[in-house]
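So you know, we letter chains A, B, ... as the sequences are listed, proteins then strands, and number each from 1.
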Amino acid sequence: MHRLTSKLADPGHRTLAFGGDYNPEQWPESVWHEDVALMKQAGVNLVSVAIFSWALLEPKEGVYEFDWLDRVLDLLHTNGIRVDLANASASPPPWFSAKYPQSLPVTTDGVRLSYGSRQAFCSSSQDYRRVAAALTVAIADRYATHPAVVMWHVHNEYGCHNQPCFCDASAAAFRVWLQRRYTTLDELNEAWGTAFWSQHYYDWDEILPPRMSGAQINPTQQLDFARFSSDELLDCFKAEAQILRARSSLPVTTNFMGYNMGLSQPVDYWRWAAEMDLISNDHYLIAEDPENYQDLAMVADLTRGWADGAPWLLMEHSTSAVNWQPRNIAKIDGELLRNSMQHVARGADGAMFFQWRASKSGGEKFHSAMVPHGGTDTKVWREVCELGRVLHSIGEITDSRVADVEVAILHDTDARWASELDSHPSVDVSNIAETRHWHNAFWRAGITTDFRRSTDDLSSYRLTIAPVQYLMTDAGVANLRGYVEQGGHLVVTYFSGITDVNDHIRPGRYPGAFTDVLGVGIEEFFPLHSGETVALGNFGSGRVWSERGRAGTAETLAAYSEGDLCGAPAVTRNTFGAGLAYYVGTSLDADTLAGFVAAILGRAGVAPVVAGLPAGVETVRRSGDNGSWTFIINHTRDEVEVPVSGVELVSGADVAKSLTVQAGKVAVVRH
Amino acid sequence: MHRLTSKLADPGHRTLAFGGDYNPEQWPESVWHEDVALMKQAGVNLVSVAIFSWALLEPKEGVYEFDWLDRVLDLLHTNGIRVDLANASASPPPWFSAKYPQSLPVTTDGVRLSYGSRQAFCSSSQDYRRVAAALTVAIADRYATHPAVVMWHVHNEYGCHNQPCFCDASAAAFRVWLQRRYTTLDELNEAWGTAFWSQHYYDWDEILPPRMSGAQINPTQQLDFARFSSDELLDCFKAEAQILRARSSLPVTTNFMGYNMGLSQPVDYWRWAAEMDLISNDHYLIAEDPENYQDLAMVADLTRGWADGAPWLLMEHSTSAVNWQPRNIAKIDGELLRNSMQHVARGADGAMFFQWRASKSGGEKFHSAMVPHGGTDTKVWREVCELGRVLHSIGEITDSRVADVEVAILHDTDARWASELDSHPSVDVSNIAETRHWHNAFWRAGITTDFRRSTDDLSSYRLTIAPVQYLMTDAGVANLRGYVEQGGHLVVTYFSGITDVNDHIRPGRYPGAFTDVLGVGIEEFFPLHSGETVALGNFGSGRVWSERGRAGTAETLAAYSEGDLCGAPAVTRNTFGAGLAYYVGTSLDADTLAGFVAAILGRAGVAPVVAGLPAGVETVRRSGDNGSWTFIINHTRDEVEVPVSGVELVSGADVAKSLTVQAGKVAVVRH
Amino acid sequence: MHRLTSKLADPGHRTLAFGGDYNPEQWPESVWHEDVALMKQAGVNLVSVAIFSWALLEPKEGVYEFDWLDRVLDLLHTNGIRVDLANASASPPPWFSAKYPQSLPVTTDGVRLSYGSRQAFCSSSQDYRRVAAALTVAIADRYATHPAVVMWHVHNEYGCHNQPCFCDASAAAFRVWLQRRYTTLDELNEAWGTAFWSQHYYDWDEILPPRMSGAQINPTQQLDFARFSSDELLDCFKAEAQILRARSSLPVTTNFMGYNMGLSQPVDYWRWAAEMDLISNDHYLIAEDPENYQDLAMVADLTRGWADGAPWLLMEHSTSAVNWQPRNIAKIDGELLRNSMQHVARGADGAMFFQWRASKSGGEKFHSAMVPHGGTDTKVWREVCELGRVLHSIGEITDSRVADVEVAILHDTDARWASELDSHPSVDVSNIAETRHWHNAFWRAGITTDFRRSTDDLSSYRLTIAPVQYLMTDAGVANLRGYVEQGGHLVVTYFSGITDVNDHIRPGRYPGAFTDVLGVGIEEFFPLHSGETVALGNFGSGRVWSERGRAGTAETLAAYSEGDLCGAPAVTRNTFGAGLAYYVGTSLDADTLAGFVAAILGRAGVAPVVAGLPAGVETVRRSGDNGSWTFIINHTRDEVEVPVSGVELVSGADVAKSLTVQAGKVAVVRH
C-alpha cells in the first residue's frame with residue numbers, strides 16, 4: 001500500500017492531511033482567490049476536486065473542457081495546496097442519461113429511476129462504462145503530471161444512491177457472474193436450494209434478479225445478487241483505476257462509507273480494499289445518537305481493519321450538522337476537534353471534510369462546511385483553524401500505526417448480509433447492533449479492538465468476538481477452530497455459525513459450525529417479545545433472544561432464571577485445545593455485558609492502554625519508527641487525571657507523571 | 001361429504017390423521033429411509049406430498065418425470081403411510097413464467113410481479129390454466145390407483161400470494177363476470193352507484209379492475225372485484241378437481257387459511273366449501289398474541305362452520321415457531337399438544353403439520369417442523385411423538401361431531417369484505433376484531449359457538465350474534481327477522497345491517513336492516529377517538545364507537561353516562577315476535593361484555609358443557625354413534641378439578657366423579 | 001370583484017347564501033320534489049349543481065343530454081332556489097379516459113393512474129382541455145340565461161386528486177413554462193444551481209419533471225415544478241372561465257381548499273385569486289384536533305386574505321362527520337352553528353355544505369349532509385334549519401367587511417412550498433404549524449388577524465408576523481424593510497428570510513434577508529431533538545429549534561439559559577427607522593408565546609374588539625355601509641358576560657350594557 005504522506009509531505013516532514021471536498025465550479029472565479037487565502041489561513045494542505053464536475057468537463061460526448069479546471073489546479077498549486085483529483089465519473093450529466101436512457105437504474109419493482117439528482121446509472125450499463133472510461137482517460141492524460149495532484153479519487157461513495165439495479169442488463173450480467181461462480185445449473189440449483197417452492201432452473205436465461213414477487217424471494221438468490229452487485233460495481237472501479245494506474249504512479253482510492261452498505265446497498269469493502277492503494281472513508285455522526293462518538297470509534301476501527309492496520313484517510317466528515325437526517329443537530333463546542341482526533345487516534349493520517357465552502361444552492365446547501373454561510377467570524381471557522389493547528393502540532397505521528405491491539409471483533413460481509421435476509425427468527429436481531437454493543441463495551445473499558453474476518457490470521461489476538469456471525473464459511477470455521485486450539489479465547493454469540501456459504505443450515509444442533517468448539521448444543525430458538533428482557537440470576541439479564549439448549553463439555557456461567565427456559569444455559573465457557581470458547585446465547589444488557597467483558601479480559605490478560613480511567617475517556621496508542629503516542633479524548637463532562645508522562649504535543653508541555661485533561665478536551669502525549 | 005377416515009382407517013378402526021407436508025425432493029434419497037422410520041416411530045399415518053414439486057415433475061412443458069415420486073410413494077406405502085397427493089399446480093416453475101411472462105400477476109399500481117418466490121401467476125391466465133390442467137391429468141392418470149394415495153390435495157393456500165391480479169386478462173375476465181351478474185350496463189350502473197363522481201359506464205369495455213387512482217375507488221367496484229377474484233380462483237380449483245374426480249373417487253380438498261382472506265386477498269370460503277369433498281384448514285398462531293389459543297379456537301370453529309359441522313382436517317399447523325412473523329416465538333412445553341387437541345376438540349379428525357423435516361435452505365428454513373434441525377433428541381420431536389400417542393389413544397372419537405352448540409356467530413363474507421372498504425366512519429372498526437371479541441367472551445364462559453351465515457337455518461340456536469355485519473342481504477334480513485319471530489335471541493352490534501348487497505345504505509335510521517326487529521333507530525354515528533372509552537353507568541364501558549339514537553319499542557339496558565351523548569341508549573333489548581333482539585351500539589370492554597354475555601346466556605337458557613370452571617379451562621364436547629366425549633384443555637397455570645365421570649382416554653384411567661387436570665394438560669373423557 | 005349578493009338577494013334585501021352541493025342525479029326524480037320542499041323549509045336559497053355530472057351530460061363525445069338538468073333547474077327556479085351551476089369539468093367520464101388513456105395522470109414513479117375514482121386527468125392533456133372546453137361551451141350556451149343560475153362553479157377543488165402529473169406531456173409543458181421563465185439555459189442553470197452534483201443542462205429537451213431518483217432531486221427544480229403545476233392547472237381554469245365570461249356576466253368561481261395545497265399538491269391561491277370574480281372556499285374540521293375551531297378561524301382569515309378583504313363564500317363545509325379521516329367524529333350539539341358563524345364572522349357571506357342529501361352509495365356515503373340518511377327527525381336536520389333561521393336573522397350584515405384588523409400574518413406560497421422541500425435542518429419545522437401557532441396566540445387574545453403576502457401593502461397594520469417565511473423574494477425584503485422603516489412592528493421567526501426566489505441561500509449570517517433590520521446575525525442552526533425543549537430563563541421556553549448567533553444593534557429579550565447555547569440570544573428587538581423588528585429564534589411554547597404576544601400587542605397599541613374575555617370566546621367585528629356588528633362565539637363550557645350594547649340579531653333582544661352568552665352559543669350584536 002502506498003504511503004499517502006510520502007506524496008503529501010514536504011521532503012523530510014511528516015504531515016497529516018487536512019482539507020476537504022473543493023467544488024469551485026459552484027462559485028464565480030473571484031471566490032476562488034478568497035478560498036485559497038482561507039485555506040492557507042487554516043492550514044489546509046489537501047483538497048478533493050472535480051468529484052461532481054462531469055457535466056462541466058464534458059459538455060457533449062467526447063468533447064472536453066478543461067480550462068477552468070486547469071486554472072483551479074494551477075491556483076492551488078501556486079498556493080502550495082495539494083489535490084486529490086477525481087476522475088469525475090460519479091454523476092453522469094443530464095445529456096448522458098437523456099442520450100442513454102437504458103443506463104438509468106431500475107428498482108426491484110421495475111421503476112426506472114430518473115436523473116436530476118446524482119449518480120443515476122446502472123453499473124452494468126456498457127454505455128456508462130464506456131463513456132466513464134473515456135472521461136477517465138481524458139482526465140488522466142491531462143493531469144497525471146500536474147504538480148498539484150498527489151492522488152486519485154475514483155468516483156464517489158460507490159453504491160450509495162443507485163445500487164443494486166434490477167434491469168435486464170443487470171440480469172444478463174448476473175447470469176454471467178453466476179456461470180463463473182457455479183459453472184453448472186446443477187450446482188446453482190443445489191446452492192440455491194431450488195427444490196424448495198418449485199424453483200428449479202433448467203436454463204440460465206430463466207434466472208432473474210430478485211425482483212419483487214408475491215412472497216419471500218429465494219434467500220441464496222438474494223445473497224448472490226448482493227455479492228454480484230458489489231462485484232459489478234467493483235468492476236467499474238477497477239476499470240477506471242486501471243486507466244489511472246497506466247498513466248500515473250499516484251495512489252488511487254475511492255471513499256468508503258463505513259458499515260452503511262448492507263444487504264440493500266451491497267458493497268463488500270473487504271473485497272474492495274484489496275484494489276485500493278490507500279483506504280479512505282467517509283463518516284457522519286448520527287446526530288440523535290447520544291453515544292455517536294462511540295459509533296465513530298467503531299467505524300474508524302472498521303476502516304483500519306479494511307486497511308489491514310495501515311494508516312488510512314478520513315476523506316469526509318462534517319464540521320457540524322449534515323442535511324439528510326430527520327433533525328440535523330449541530331456539533332457543540334469542541335466536538336469537531338474530538339471527532340477528528342478520534343479518527344486520527346484510530347489510524348487516520350488526516351482529517352478531511354465535505355466540503356470546503358457551504359453551497360448556496362442544491363440539495364446539500366444546509367450541510368455544514370469548513371467555510372460556513374456565515375463566513376469566518378464563526379465557531380465553525382475558528383474550530384476548523386484550531387484543528388489545522390492541532391494536526392500540524394502532531395504531524396510527527398504520520399505513518400505510525402495503532403499499537404497493542406489484543407482483541408479482535410469478527411465482521412464478515414456475508415455474515416452481515418445474510419443476517420439481514422427476511423424470514424428469520426426475529427427482526428430484533430441485528431449484526432450491526434450486536435457488533436456495536438460489544439465494541440461499546442470494550443470502548444468503555446478502554447480497550448481498542450481490531451475488526452477482522454473469520455478467515456484472517458488471528459494469532460496476534462488474545463481474545464476474539466464473533467457477534468451474530470450468522471453465516472460462516474468452512475474456511476472460517478476451520479480458522480476459528482484452529483485459533484482456539486492454539487490458545488485463543490473466542491466468544492461466539494447467538495445466531496452465529498448457523499449457515500454455510502450458501503446460507504444452508506449447518507446440520508445438527510445449533511450453532512452447527514461450533515458445537516464442538518463451544519461444547520454446547522442448542523435445539524430451539526426462543527426470540528423474546530419486543531422490549532422483553534430475560535433474567536440470568538446473579539449474572540444479569542438478556543434481551544432480544546433466548547434459546548433452549550444444553551451444555552455438553554462446557555461450563556455454564558449463566559443460566560436463564562425465569563420463564564419456560566429456566567435452568568437452560570445462557571452463557572457458557574468451554575476449554576478446547578489450548579484455548580477457551582465462550583458462548584453467549586442472548587444479547588446481554590449493557591451492565592451485564594460490561595461485567596462479562598471485564599471477566600473475559602481478565603482471563604485473557606488484556607489491559608487497557610491507560611488503566612483506571614472512567615468510561616468516556618478514550619485512550620488509544622499509535623506507534624511508529626519515530627515514537628509512540630497516547631491519544632486522550634475526554635468525552636465526559638469532568639476533567640480527568642491521566643497517569644502518563646512525556647510531551648503533550650498539542651500544548652507542547654512536558655508531562656511528568658500525569659496529565660489533567662479538561663472536560664471535552666484532547667491531548668496527545670509522546671512517550 | 002366424504003369421510004376421510006373411511007379411507008384412512010384400517011378396516012374396523014377409527015383413526016385420526018397425523019402427519020404433515022412431506023417434501024422429500026429437498027433431501028437425498030438416503031434421508032427418505034430415515035424419514036419413514038421416524039414416521040413410524042411417531043405414529044404418522046398421513047403425509048401430503050408433491051405440493052411444490054411442479055418444477056421437478058415437469059422439467060419442460062409436456063415432459064413429465066415421475067420416477068422419483070414413484071419411489072417416494074412406494075416407500076411410503078410399503079411402510080403403511082398414506083398419502084394426500086398434491087396435483088402440484090401451486091407454484092409454476094421458472095421455465096413456465098419465463099415462457100409465459102403474461103401469466104405473472106400485476107399489482108394495483110401496475111407492477112408485474114416476478115418469480116423466484118412461489119405461486120406467481122394470474123388466475124385468469126389461460127396459459128396457466130391449460131398447463132396446470134395438463135399436469136393434473138398426468139398426475140391423476142399415474143397415481144389415481146396408487147395404493148398409498150387416499151386423498152387429493154389441489155394446489156396450496158389459494159389466494160395467499162398472488163391475488164388479486166389487476167392485469168388486462170383479469171380485466172377481461174372481470175367484465176365477463178360482471179355481464180353474468182348484471183346482464184345490462186344499466187343494472188351495473190345502478191348497483192355501482194355510478195351517478196356519483198361521474199362514473200357512468202356506456203360500454204362494458206370501459207370497465208377496469210380497481211387499479212390505483214388518485215382518490216377512493218368506487219366501493220361496489222372494489223367489492224365486486226373481490227367477489228370476482230374469489231370466483232376466478234375457484235374456477236381454477238374446480239377445473240383441476242374435475243380432472244381428478246373424473247379419474248378417481250378419492251376425496252378432493254384444498255387447504256383453507258382461516259380468516260386471513262379479507263378484502264385485499266379475497267377468497268370466500270363459504271362458496272368454496274361447497275366444492276370440497278372434505279374441508280381442510282391451515283392455522284398458525286400469532287406468536288405475540290397472549291391469547292392466541294383463543295384465536296385458534298375461533299378459527300377451528302369457523303372451519304367447522306365451513307364444513308357445516310362435519311369433521312374436517314387440520315392440514316397444517318406448526319410444531320413450534322414459524323418464520324414469517326416479526327418475532328417467531330417458539331412454543332413452550334405442552335403447547336403443541338394443547339393446540340392440536342383444541343383443533344381436534346373442535347371438529348378436526350386429525351392434526352397435520354407444515355412440515356415433516358425442517359428445510360436446510362430456502363425461505364422457510366427457520367419454520368419449525370416435526371423433525372427439527374437439531375434431530376430427535378429435542379423437545380419438539382418428543383412432543384411430536386407424544387401427540388402421535390395421544391391421537392392414537394383417542395382414535396374412537398373419529399367421525400364424531402361437536403355437540404350441544406346453542407350459540408351461533410354470524411360471519412358473512414360480504415359483510416366482512418365490505419366492512420374493510422375505505423371511507424368508513426372509523427378505522428378502528430373491525431369485523432374480525434369484534435367477532436373475536438365476542439367469541440372470546442363465549443370461550444371464557446365455556447360456551448362453544450358455531451359460525452353461520454345470515455342466510456343459514458339458525459333454528460337450532462338459542463342465541464345468535466351479529467358482530468359488525470355491516471352489509472346484509474335482503475335474504476339475510478328476512479332470515480334473521482324470522483329467526484327472532486320464531487323465538488330466537490339475536491344480538492346485533494353497531495355497524496351491522498347498514499348496507500345491502502350492493503353496499504348501498506339501507507334507508508332510514510340505522511341499522512336500516514333491523515330498526516323494527518331491534519326497536520331502535522340510530523341517527524348518527526359518533527366514533528370515539530383513538531383509545532377513548534365511553535362510560536355506560538353501572539353497566540360498564542365501551543370503546544371504538546358510540547352513536548346518537550333512540551329506543552322505540554326497545555328497553556334500554558345501558559345508556560351513555562357521559563359526554564355529548566349522555567342519556568342516549570347504548571344497549572337495548574326488544575321483544576319481537578316470540579324472540580328477543582338486543583342491540584349493542586358500542587364495542588363493550590371485555591369485563592362489560594363478559595357480564596352482558598352471562599346475562600343473555602342466562603336469559604336464553606344456555607349453559608356450558610361443564611359448569612363452574614375458571615376462564616382458560618377449555619371444554620368442548622364431541623359425540624357420535626359410538627359415544628360422547630368431553631375434551632378438557634387447561635390453558636391456566638393452575639390445576640383444575642373438573643366434575644366429569646367416565647374414562648379418561650389419554651391415561652386410560654377411570655374417572656368417578658371428577659378429574660384433576662394439571663396446569664397446561666389435556667384430557668378426553670368418554671361418558 | 002363581483003358582489004355575489006347582488007345576484008342572490010331579492011331586490012332591496014341583503015341575504016346570506018345558504019345551501020349546498022345538490023346532486024339530484026343520484027336520486028329518482030320523485031325525490032327531487034321532496035328535496036325542494038325541504039330546502040324551502042330550511043331556508044335554503046342557493047345550491048351548487050352538476051359538479052360531477054359530466055358522465056350524464058355528455059354520454060358520448062360531443063353528444064349532450066341536458067333534459068334532466070333542465071328539469072332540475074326549472075324545479076329549483078319555480079321554488080325560488082338559486083343555482084351555482086358547475087361546468088361539470090371536474091371528473092371526466094370513463095368513456096373519456098378509455099378513449100384518451102394518455103390523459104390519465106402519472107405519478108413521480110411512473111405509475112399511470114386509473115379512473116374509477118374522480119378527477120383523473122393530466123392538466124397538460126390537450127385532449128382533456130379540448131373536451132372540457134367543449135362541454136363548458138355547451139353548458140354555458142344552454143344555461144347562461146336560465147333564471148335560476150346566479151353564478152358559475154368551475155370544476156371542483158382543483159389539484160386535490162390528480163396533481164402534479166409527471167407524464168411526458170407534462171414534461172413538455174414544463175419546458176415551455178421554463179423557457180418563458182428563464183429565456184436561456186444559462187439562466188436556468190444558474191437558477192437551479194446545476195453546477196452542484198453535475199446537473200448542467202445543455203438542451204431544453206434534457207429537462208424532466210422531478211421524477212423519482214436515487215437521492216434528493218434538485219430543490220429549485222422541485223419548486224419550479226410546483227409553480228408550473230399550479231400555473232398549468234390555472235390555465236385550465238382560465239380557459240373555462242373565459243368561455244363562461246364570453247357568454248354570461250355572472251360571477252365565476254372555483255372552490256379553494258384552505259391551506260391544503262402544499263408542495264406535493266401545489267396550487268398557489270394568491271395567483272389564482274386574481275382570476276376569480278368571487279373567492280369561495282371549502283373547509284373541513286380535523287375531527288381529532290381538540291382546537292379545530294381555531295384552525296377553522298385561521299383558514300377563514302386566509303380565505304379573506306385571498307379575497308383581499310372582500311366578502312367570500314364558504315362553498316363547502318360539513319354538517320357533521322366526514323368520511324375520509326381515520327376517525328370521522330361527529331359534531332356535537334351546537335357545533336354546526338358555531339362553525340358556520342365563525343366563517344360568517346370572518347367574512348363569509350354565506351354557509352354552504354357538501355352536500356344536500358346524504359348519498360346512499362359511492363365513496364362519500366358516510367359523509368354527513370344537510371338531509372341525513374336518518375331523515376328530518378334528527379339533530380342534524382334541526383340544526384340545519386336553525387342555521388337557516390340564524391343566517392336569515394343576520395342578513396343585514398351582507399356585503400360588510402371584517403373591520404379593525406391591525407395585525408397581519410405573512411403567508412407567501414413560495415415560502416411555504418420551499419419550506420417543505422427535503423434536506424432541511426429539521427423535519428419538525430413546519431410553516432403551517434408555526435403559522436397556526438401564532439394565529440392561535442392572537443385568536444386566544446381576541447385579536448383578528450389578516451393574512452398578507454410579503455409584497456403586499458402592509459401600511460394599515462401596526463404589527464406583522466413572518467412565521468417560517470423561509471424563502472423571501474427581493475421585493476418582499478424591500479417591502480418589509482420599508483414597512484419597519486415607516487414605523488411598522490415586524491416579528492420574524494427562525495428559518496425565515498433564508499433563501500431567495502431560486503431557493504439560494506442569502507449570503508452572510510442568517511437570516512440573510514433581514515440581518516440589518518433585525519440587528520442580529522445567526523451563524524449556525526441548532527435544531528432540537530424530537531420533543532426536546534430549551535429553557536429561556538424567566539422568559540419561558542422554546543421547542544423545535546435553537547441557534548447560535550449574536551445580537552448586534554438589537555436588544556436581547558430572551559436568551560438560552562441552558563445547554564451549549566447558554567447565553568445566546570433567542571428573542572430580540574431592534575429599532576429600525578421608525579419601527580421595531582423582533583426576532584424569535586425558536587418556536588416559543590404556547591404559554592411563552594401568549595406572554596410575548598401580549599407584550600408586542602401592548603407595545604404596538606393593538607387591543608381586542610372586546611377586551612377582558614376569556615380565551616375561547618371568539619369575537620370578530622364586521623362593518624359596512626349600513627352598520628357595524630360584533631360576532632360572539634362562545635367555545636367554552638361556561639357562560640360569559642360580554643360588555644356590548646345594541647341589538648342582538650339572533651334573538652332580536654336589546655342589549656343595554658352587556659350580554660350573557662351561554663356556553664356553546666353565538667350572538668351577533670348590531671351597534
Which one of A:Pro425, A:Ala195, A:Gly214, A:Pro219 has the most heavy-atom pairs closer than 4.5 Å to chain B? A:Pro425
Tell me, side chain or backbone of A:Glu524 under 4.5 Å from chain B's heavy atoms, or both, or neither? side chain
Taken to the nearest 0.5 Å, the spacing of A:Ile498 CD1 from B:Phe366 CZ works out to 6.0 Å
Give the member of A:Leu208, A:Ile522, A:Asn218 that has the highest number of heavy-atom pairs under 4.5 Å with chain B. A:Leu208
Most heavy-atom pairs under 4.5 angstrom with chain B, which of A:Asp205, A:Thr499, A:Leu528? A:Leu528
Shortest non-hydrogen contact from B:Arg118 toward A:Trp197: NE-CZ2, 3.0 Å
Test side chain to side chain contact (heavy atoms under 4.5 Å, CB included) applied to A:Gln102 - qualifying residues, sequence neighbours left out: A:Arg112
Parallel, tilted or perpendicular: ring planes of B:His373 versus A:Tyr510, cut at 30 and 60 degrees: perpendicular
Taking heavy atoms only and a threshold strictly under 4.5 Å, list by residue number the residues of residues 185-194 of chain A that touch chain B; give 'none' if the list is empty. A:Glu190, A:Gly193
Check whether A:Phe525 gets within reach of chain B through its side chain, its backbone, both or neither, counting any heavy atom under 4.5 Å. both
With respect to chain A, which residue among B:Ser320, B:Ala120, B:Pro372 yields the maximal number of heavy-atom pairs within a distance under 4.5 Å? B:Ser320
Residues in side chain to side chain contact (heavy atoms under 4.5 Å, CB included) contact with B:Asp109, at least two apart in sequence or another chain: B:Thr107, B:Val111, B:Met212, C:Val111
Between B:Gly110, B:Ser53, B:Pro94, B:Pro93, who has the most heavy-atom pairs with chain A when the cutoff is under 4.5 Å? B:Pro94
With a 4.5 angstrom heavy-atom cut-off, could you sort out which part of A:Arg550 is near chain B: side chain, backbone, both or neither? side chain
Can you tell me how far the CZ atom of A:Arg211 sits from the CG atom of B:Leu113, to the nearest 0.5 Å? 12.0 Å
Interatomic distance, B:Trp324 atom CH2 to A:Gln216 atom CD [nearest 0.5 angstrom]: 10.5 Å
Part of A:Pro527 within contact of chain B (heavy atom distance under 4.5 Å): both
I want to check something: taking the side chain as every heavy atom from C-beta on, are A:Phe196 and B:Lys365 in contact at a cut-off of under 4.5 Å? no
Separation between NE2 of A:His200 and CD of B:Glu25, rounded to the nearest 0.5 Å: 12.0 Å
Non-hydrogen atoms of chain B under 4.5 Å away: do they reach the side chain of A:Gln199, the backbone, both or neither? both
Any luck finding a side-chain donor-acceptor pair between B:Glu288 and A:Ser530 under 3.5 Å? no
Relative to chain A, which segment of B:Ala358 carries a heavy atom at a distance below 4.5 Å: side chain, backbone, both, or neither? neither
Chain A heavy atoms under 4.5 Å from B:Gln163: which part of the residue, side chain, backbone, both or neither? neither
Which residue out of A:Pro507, A:Ser423, A:Ser546 racks up the most heavy-atom pairs below 4.5 Å with chain B? A:Ser423
Is it the case that the side chain of A:Asp503 and the backbone of B:Ser361 share a donor-acceptor pair, with hydrogens and angles ignored and the cut-off at 3.5 Å? no
Does B:Asp333 pair with A:Arg548 as a salt bridge, N-O distance under 4.0 Å? yes
Supply the atom-to-atom distance B:Arg327 CZ to A:Trp545 CH2, rounded to the nearest 0.5 angstrom. 12.5 Å
Which residues share a side chain to side chain contact (heavy atoms under 4.5 Å, CB included) with B:Ala90, sequence neighbours left out: B:Phe52, B:Gln119, B:His155, B:Asn156
Donor-acceptor under 3.5 Å (A:Ser198 side chain, B:Ser91 main chain): yes
Flag yes if more than 12 heavy atoms outside B:Lys99 fall under 6.0 Å of its NZ atom; otherwise flag no. yes
Of the backbone (N, CA, C, O) and the side chain (C-beta and beyond), which part of B:Pro105 lies under 4.5 Å from a heavy atom of chain A, both, or neither? neither
Most contacts with chain A, counted as non-hydrogen pairs under 4.5 angstrom, among B:Ala88, B:Gly374, B:Ala55: B:Ala55
Flag the pair A:Asp564 and B:Lys379 as a salt bridge only when some basic side-chain nitrogen lies within less than 4.0 angstrom of an acidic carboxylate oxygen. no
Using non-hydrogen atoms and a 4.5 Å limit, figure out which bit of B:Val380 sits close to chain A: side chain, backbone, both or neither. both
